[in-house]
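Accompanying notes for the structure given below.
Chain naming here is simple, since letters A, B, ... match the order of the sequence lines and numbering starts at 1 in each. All values below come from the heavy atoms of this structure, side chains included, with hydrogens, waters and symmetry mates left out. This one's a predicted model, so the numbers in the text were calculated from it and none came from an experiment.
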There are 2 protein chains.
Amino acid sequence: MEGLTINEAARTTGWSPRMLRYVEQTGLVSPARSPAGYRLYGPAQLQRLRTLKELLGRFELGLSDVAFAARMAVRPDLRDAVEGWLETEARRPEDVAPGDWLRFEQEKHEKLLAVA
Amino acid sequence: MEGLTINEAARTTGWSPRMLRYVEQTGLVSPARSPAGYRLYGPAQLQRLRTLKELLGRFELGLSDVAFAARMAVRPDLRDAVEGWLETEARRPEDVAPGDWLRFEQEKHEKLLAVA
DNA sequence: AGAACCTTGACAATGTCGTGGTAAGGTTGT
DNA sequence: ACAACCTTACCACGACATTGTCAAGGTTCT
């Protein structure tokens, strides 16, 4: 029995057993399994669970937010598309010649979405 | 009346008027206003609305996902904390000496969360 | 002035998220 | 064998996300 079982892990991380299963379901922290199927949390998982809790509390995030970030981290096409869309938001008309900036935006969006 | 009113914008973008108000509420696309308070969508907003629709459909995203990405784009502390947490996920024990890697993770998380 | 817009606000239906339970059944340590 | 675990699979509830629709009232165009 290499590692803590779910109730032990719950006690040392502050999550409930129920939530540990839910966190696993989101794909954010997945423990190993014993031959009989018991969840076995190692030091790495325990640490990740604690810091995850910190992260969520500090910024008022939901698990789904972090799960979405994870999805972006693993899929460059997603990330590029989202960040590309967001980049145009900050851009101001003053940055570009009066007649050009709209066409610029348009082509940029088209390119980004076409590639993705 | 510089720009399209909400129903006109709805027709050319594929969003419903109701959803255009909702999108505005999420902060993702905010039209200008006429002196009387009418929403006026310019070419830039229309383009952003169309590409936003594309983006959501192509990757099965919700507005809240993109809103969260926008929040990260605007707050480096949030972004760094989330990405820092995620980075450890990909890392394998083999990358580091057997006794060191856990301490390494631990310190990394502590630093990241302390700074944020 | 009257039709055809626009505004905000509210109520409603459906769906997902975050959590907690509970039940039926397998595993483990003494 | 028996207590104390564990597993999966459900039901449930409140909060939020996504849409629609309707009402009361202001604006615009002809």
Distance, nearest 0.5 Å, that separates CG of A/L20 from CD of A/Q45: 11.0 Å

When you measure from the side chain of B/R50 to the backbone N and O of B/T12, does any donor-acceptor pair fall under 3.5 Å? yes

B/R48 side-chain N/O to A/W85 backbone N/O, donor-acceptor pair under 3.5 Å: yes

Donor + acceptor pair across side chains of B/E54, B/T51 (<3.5 Å): no

Which whole-number value in Å describes the distance from [X] [atom1] to [N] [atom2]?
{"X": "B/E60", "N": "C/dG15", "atom1": "CD", "atom2": "P", "value": "15 Å"}
{"X": "B/D65", "N": "C/dG15", "atom1": "CG", "atom2": "P", "value": "18 Å"}
{"X": "B/L61", "N": "C/dC17", "atom1": "CG", "atom2": "P", "value": "13 Å"}
{"X": "B/L4", "N": "C/dC5", "atom1": "CG", "atom2": "P", "value": "14 Å"}
{"X": "A/E24", "N": "C/dC17", "atom1": "CD", "atom2": "P", "value": "17 Å"}
{"X": "B/L28", "N": "D/dT18", "atom1": "CG", "atom2": "P", "value": "10 Å"}
{"X": "A/Y22", "N": "C/dT19", "atom1": "OH", "atom2": "C1'", "value": "9 Å"}
{"X": "A/W15", "N": "C/dG20", "atom1": "CH2", "atom2": "P", "value": "10 Å"}

Protein-proximity profile, nucleotides 8-16 of chain D, B/S/- by nucleotide at the 4.0 Å heavy-atom cutoff, equals B--------

Report, as a single string ordered 5' to 3', how protein heavy atoms within less than 4.0 Å touch nucleotides 22-30 of chain D: B base, S sugar-phosphate only, - not at all. ----BBSS-

Under the side chain to side chain contact (heavy atoms under 4.5 Å, CB included) criterion, do A/L78 and B/L61 qualify, and how do the steps go? CA-CA 10 Å; A/L78 208 203; B/L61 306 182; 4.0 Å; yes

Are B/V23 and A/L86 connected in a single hydrophobic cluster, I mean Ile/Leu/Val/Met/Phe/Trp/Tyr linked by side-chain heavy atoms less than 4.5 Å apart? yes

Would you say a side-chain N or O of B/S64 is under 4.0 Å from OP1 or OP2 of D/dT18? yes

